[in-house]
Amino acid sequence: MKIATWNVNSLKVRLPHLLQWLDANPVDVLCIQETKLTDDKFPAAEINAAGYQVVFSGQKTYNGVAILSRQPLTDVVRNNPHYADEQQRLLAATSGGIRVICAYVPNGQAVGSDKYAYKLDWLAALRTWVEEEMARHPAFAILGDYNIAPQDRDVHDPQEWAGQIHCSAPERAALGALSGLGLADAFRLFEQPDKQYSWWDYRQLAFRRNRGLRIDHILLSRTLAARCSACTIDREPRKWEQPSDHAPVVATLD
DNA sequence: ATGGCCAGACCTTCTGGA
């Protein structure tokens, strides 16, 4: 089976891309972020018609997450029970025996800002919840936009980004604390070409120049990491007209 | 020159993203 994550940056604008991508890439589970839609506006019928069950948790203008699945979704949980948050960034469900969390980690804006403090608090609380979920579900995956580049090799220009948002030591430590629960970055289970990114700024022809960051990740429990035979970033939809600034990441589980 | 693009809100200009 295949599981994937994609920050679509407005599902209203990107629904045609989502359907086009699913048609070419009929993954079993897809986590999407930044839907930017209230639940009454969520295009469930169009997604159902494409052969997917879907659960979603949205709000106006910002954030919003959804899980699409070919198999039924059960035991749905919205938001982190350990962290009161009006922002809709987390959704959990079980599909095909796998416990999945879809995560849209706060951006953080700038190191030292209020939003940065929120990002770190949010990540600390996420760890507590993930630890619980993993204890209950050995087959566990958390997929999403982490807004953190784990290492300098995940950054097009590590000197330019050194210490900056997405690359600061506390952010990387918070991601490391999640990994410390026994989660593996699926992408790094395999030999990969250099300069593989999942996000590119809309400005300055950043995509054409491959000036990007790898900030979208699939983290797998040991049980699932043992089943994982591939993990790739699909740059194709970033080339389409009016694209999301993020690319999908796909993991194959045997 | 610290900008540049994009999406969405209530416009002709802002916030947030990363």
Participant: Using whole Å, report how far NZ of Lys12(A) lies from P of dC6(B).
Facilitator: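 After rounding, the gap between these two atoms is 17 Å.
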Participant: Identify whether any heavy atom of Asn7(A) sits under 4.0 Å from a base atom; if not, whether one sits that close to sugar-phosphate; answer base, sugar-phosphate or nothing.
Facilitator: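 The answer is sugar-phosphate, as Asn7(A) gets under 4.0 Å only of primed atoms, P, OP1 or OP2.
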Participant: I need the CD-P distance between Glu34(A) and dA7(B), as an integer number of Å.
Facilitator: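 It is 12 Å, rounded to the nearest whole Å.
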Participant: Sticking with atom C1', work out how far dC6(B) lies from dA1(B), rounded to a whole angstrom.
Facilitator: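 Each nucleotide's C1' atom is 22 Å from the other's.
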Participant: Mind calculating the distance between CG (Asp154(A)) and P (dA18(B)) to the nearest angstrom?
Facilitator: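 Rounded to whole Å, this separation is 17 Å.
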Participant: Quick one: do Asp39(A) and Gln88(A) satisfy side chain to side chain contact (heavy atoms under 4.5 Å, CB included)? Show the steps, please.
Facilitator: CA-CA 11 Å; Asp39(A) 290 350; Gln88(A) 302 304 304; over 6 Å; no
Participant: Take atom CG of Asn63(A) and atom C1' of dA9(B), then tell me their distance rounded to the nearest Å.
Facilitator: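 Rounded to the whole Å, the gap is 15 Å.
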Participant: Can you find a donor-acceptor pair, distance only, under 3.5 Å between Asn107(A) side chain and dA18(B) base?
Facilitator: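 Answer is yes: a donor-acceptor pair is held.
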Participant: Which sits closer to the 5' end of DNA chain B, Asn9(A) or Gly108(A), going by the nucleotide each is nearest to?
Facilitator: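 Comparing both residues, the 5'-ward one is Asn9(A).
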Participant: dC10(B) and dT15(B): how far apart are their P atoms, nearest whole angstrom?
Facilitator: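 So the two P atoms sit 14 Å from each other.
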Participant: Closest to the Lys60(A) side chain: dA9(B), dG8(B), dG17(B)?
Facilitator: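 Of dA9(B), dG8(B), dG17(B), dA9(B) is nearest to the side chain of Lys60(A).
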Participant: Quick check on dA7(B): is either OP1 or OP2 less than 4.0 Å from any side-chain nitrogen or oxygen of Thr61(A)?
Facilitator: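 For Thr61(A), the contact criterion (side-chain N or O under 4.0 Å from OP1 or OP2 of dA7(B)) is not met.
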Participant: Using every non-hydrogen atom in the two residues, find where Ala125(A) and Asn80(A) come nearest and quote the distance to one decimal.
Facilitator: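 Smallest interatomic distance, heavy atoms only, reads O-ND2, 3.0 Å.
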Participant: Which value, in whole Å, describes the distance between the P atoms of nucleotides dG8(B) and dA18(B)?
Facilitator: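 Result for the P pair: 14 Å, nearest Å.
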Participant: Are any of His246(A)'s side-chain N or O atoms less than 4.0 Å away from OP1 or OP2 of dA18(B)?
Facilitator: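 True: His246(A) side-chain N/O within range (under 4.0 Å) of dA18(B) OP1/OP2.
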Participant: Where do Arg89(A) and Val65(A) come nearest, in terms of heavy atoms and distance?
Facilitator: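 Scanning both residues completely, I find the closest heavy atoms to be O-CG1, 3.6 Å.
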Participant: Give me the distance, rounded to whole Å, that separates dG4(B) from dG16(B) when you measure between the P atoms they each carry.
Facilitator: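 Here dG4(B) and dG16(B) have their P atoms 16 Å from each other.
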Participant: Classify Gln242(A) by what it touches in the nucleic acid, base, sugar-phosphate, or nothing, heavy-atom distance under 4.0 Å.
Facilitator: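 Sugar-phosphate, backbone atoms only, no base.
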Participant: If Ile, Leu, Val, Met, Phe, Trp and Tyr residues are connected whenever their side-chain heavy atoms lie under 4.5 Å apart, and connections chain through other members, are Leu15(A) and Val8(A) in the same group?
Facilitator: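 Yes, Leu15(A) and Val8(A) fall within the same hydrophobic cluster.
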Participant: Give one of base, sugar-phosphate or nothing for Tyr104(A), where a contact means two heavy atoms less than 4.0 Å apart.
Facilitator: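 It contacts sugar-phosphate atoms only.
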Participant: How many whole angstroms separate atom CH2 of Trp199(A) from atom P of dC6(B)?
Facilitator: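 Between P of dC6(B) and CH2 of Trp199(A): 13 Å.
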Participant: Starting from C1' on dG17(B), measure out to CG on Asp216(A) and report it in whole angstrom.
Facilitator: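 My rounded result for the distance is 13 Å.
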Participant: Under 4.0 Å between any heavy atoms, over every strand shown, what does Arg211(A) touch: base, sugar-phosphate, or nothing? Just pick one.
Facilitator: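 The residue Arg211(A) makes no contact with any strand.
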Participant: When you get a sec, tell me which of dA18(B), dG16(B), dC6(B) is the closest nucleotide to the side chain of Tyr62(A)?
Facilitator: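 Nearest nucleotide to the side chain: dG16(B).
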Participant: Which one, dG17(B), dA18(B), dA7(B), comes nearest to the side chain of Asp145(A)?
Facilitator: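 My answer, after comparing the listed nucleotides, is dA18(B).
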Participant: Flag the pair Asp40(A) and Lys60(A) as a salt bridge only when some basic side-chain nitrogen lies within less than 4.0 angstrom of an acidic carboxylate oxygen.
Facilitator: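 No salt bridge links Asp40(A) with Lys60(A).
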Participant: If each of Gln204(A) and Asn147(A) is mapped to the nucleotide of DNA chain B with the nearest heavy atom, which maps nearer the 5' terminus, i.e. the 5' end?
Facilitator: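 Upstream on the strand: Gln204(A).
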Participant: Would you tell me if any nitrogen or oxygen in the side chain of Lys115(A) comes within less than 4.0 Å of OP1 or OP2 on dG16(B)?
Facilitator: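 So the side-chain polar atoms of Lys115(A) do come within 4.0 Å of the phosphate oxygens OP1 or OP2 of dG16(B), strictly under.
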Participant: Please tell me whether Trp240(A) and His17(A) form a close aromatic pair, meaning their ring centres lie under 6.0 Å apart.
Facilitator: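 Close enough - the centres of the two rings lie under 6.0 Å apart.
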Participant: To the nearest Å, how far apart are Asp201(A) CG and dT2(B) P?
Facilitator: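 For the pair Asp201(A) CG and dT2(B) P, the rounded distance is 17 Å.
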Participant: Between P on dC5(B) and CZ on Arg14(A), what's the gap in Å once rounded to a whole number?
Facilitator: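 Atom-to-atom, Arg14(A) to dC5(B), this comes out as 16 Å.
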Participant: Among the candidates dG8(B), dA18(B), dC6(B), find the nucleotide nearest to the side-chain atoms of Tyr202(A).
Facilitator: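 The answer is dC6(B).
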